[in-house]
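Before any comments, here is the structure.
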Amino acid sequence: MRVLGIETSCDETGIAIYDAKHGLMAHQLFSQVDLHKQYGGVVPELASRDHVRRILPLIQGCLEQADCDLASLDAVAYTAGPGLMGALLVGTAVGRSLAYALSIPAIGIHHMEAHLLAPLLEQDVPAFPFLALLVSGGHTQLVEVKSIGDYCLLGESVDDAAGEAFDKTAKLLGLPYPGGPAISALAEKGDSHRFRFPRPMTDRPGLDFSFSGLKTYALNTRNTEPDDEQTRADIARAFVDAVVDTFIIKCRRAMEQTGLNQLVVAGGVSANKQLRTGLEQLMQELQGEVFFPRPEFCTDNGAMIAYCGFLRLQNGQTEDLHFQARARWSMLDL
Ligand code: KG4
Ligand code: ZN
């Protein structure tokens with residue numbers, strides 16, 4: 001089975017071809033970061049328009065890279081949600097029309113499920129059941145993964161997602177969009193001992209998160225301390241330390257609660273160096289194993305959509321012609 005994957009849920013047009021026998025045959029990405037940078041965040045209307053411009057050339061590029069043609073495709077998988085509605089509609093319309101014209105199945109993929117399964121594209125993969133920490137721009141969730149499609153939500157953010165907190169804090173430190181990589185780099189130059197931010201919601205039981213208070217902490221510190229480069233780096237450091245520590249505390253708790261000792265970390269924030277190091281140390285201490293996607297598959301990409309579509313179709317899932325894109329969509333409804 002050969003599946004074309006299409007991702008257009010936010011500001012990246014990602015296309016890939018996954019084949020049952022050959023694995024990942026091609027993947028290409030166009031990031032709209034430069035387009036949105038001047039506005040300090042994603043402008044949904046501009047994102048949709050740019051997906052329209054990029055999607056067909058990228059599909060063509062993937063077919064050339066994989067050295068195959070449209071007739072060799074067995075199915076089309078596209079991100080059906082959650083995400084920006086206009087952006088989702090581009091991938092949905094192209095994906096479904098292509099499948100219809102080729103008389104092959106189309107399948108709408110849940111973006112967060114695709115993130116969750118992305119580490120399975122690597123050489124070393126976890127066995128079911130395992131624990132997953134999903135950390136992206138829109139979601140922060142701890143999930144018990146029993147099998148493909150059987151997910152139990154253990155905890156999630158009650159306000160800002162981790163990526164959102166990175167982006168907002170970066171903005172108030174004067175860093176460019178997207179803030180995650182920028183704040184992570186600045187934190188490297190910071191001193192961990194100068195400021196200490198709280199580890200939100202770790203002083204009570206449960207596995208939920210809250211990150212919105214951290215940006216207020218960062219803002220207040222910025223307003224009361226001298227405005228110099230070292231202070232900004234120290235604030236970035238205090239922010240990153242607080243986020244990483246919070247994840248370590250909650251992951252430890254989730255492992256104890258479930259008895260699971262394999263942890264998958266996925267979504268844009270899983271590219272974060274400090275988080276990867278922190279969770280690797282935790283899993284070493286707990287004699288467990290941690291799995292990350294390769295950095296380019298942490299953030300949005302077409303490979304995870306093609307692969308998730310392949311797994312779903314292999315499990316016998318299909319969809320009818322009335323399937324709709326969904327801006328909001330809980331993974332528990334899968
Ligand atoms: O998964 P993703 O590409 O898109 C969503 O599904 O939301 O995640 C994007 C988020 C952004 O908030 C971005 O700032 C964050 O991931 N991010 C990072 C890093 N790279 C991307 N956050 C922290 N450190 C990074 N290295
Ligand atoms: Zn994503």
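Read the numbers this way: they start at 1 and go in the same order the structure lists the ligands and their atoms. Since the structure is predicted, the reported quantities are computational estimates derived from the model, not experimental observations.
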Contact with ligand 1 for Pro181, non-hydrogen, under 4.0 angstrom: yes
So, Arg222 and Asp227, do they make that salt bridge, N to O below 4.0 Å? yes
Which residue and non-hydrogen atom of the protein lie closest to atom 14 (O) of ligand 1, and at what distance in Å? Asp167 OD1, 2.6 Å
Examine distances only and state if a side-chain atom of Glu7 and a backbone atom of Thr79 form a donor-acceptor pair shorter than 3.5 Å. no
Keeping the roles fixed (side chain from His51, backbone from Cys10), state whether a donor-acceptor pair exists under 3.5 Å. yes
Quick check on the Zn ion (ligand 2): does His111 put an N/O/S atom closer than 2.8 Å to it? yes
Measure the distance from atom 3 (O) of ligand 1 to every protein heavy atom, then report the residue, atom name and distance (to 0.1 Å) of the closest one. Asp300 N, 3.1 Å
Which residue owns the protein heavy atom closest to atom 20 (N) of ligand 1, what's the atom, and how far is it? Gly268 O, 3.4 Å
Under 3.5 Å: N/O of Thr299 near N/O of ligand 1: no
Taking 4.0 angstrom as the limit, do Glu319 and Arg96 come out as a salt bridge? yes
Could you verify whether a donor N or O on one side chain and an acceptor N or O on the other, from Asp300 and His115, lie under 3.5 Å apart? yes
Among all protein heavy atoms, pick the one closest to atom 9 (C) of ligand 1 and tell me residue, atom and distance. Gly137 N, 3.8 Å
Starting from atom 22 (N) of ligand 1, which protein heavy atom do you reach first, and at what distance in Å? Gly180 CA, 3.3 Å
Is it true that Lys273 lies under 4.0 Å from ligand 1, counting heavy atoms only? no
Any salt bridge linking Arg253 with Glu256? Criterion: basic side-chain nitrogen under 4.0 Å from a carboxylate oxygen. no
Taking 2.8 Å as the cut-off, does an N/O/S atom of His115 lie below it from the Zn ion (ligand 2)? yes
Under 4.0 Å between a Lys/Arg side-chain N and an Asp/Glu carboxylate O for Asp50 and Arg53? yes
What atom name does the N, O or S atom of Asp300 nearest to the Zn ion (ligand 2) carry? OD1
Would Phe195 and Phe239 count as a close aromatic pair, with their ring centres under 6.0 Å? no
Please state whether His139 comes within less than 4.0 angstrom of ligand 1, counting heavy atoms only. no
Are Phe247 and Phe209 close enough that their ring centers fall under 6.0 Å? yes
If you measure every N/O of Gly163 against every N/O of ligand 1, is any gap under 3.5 Å? yes
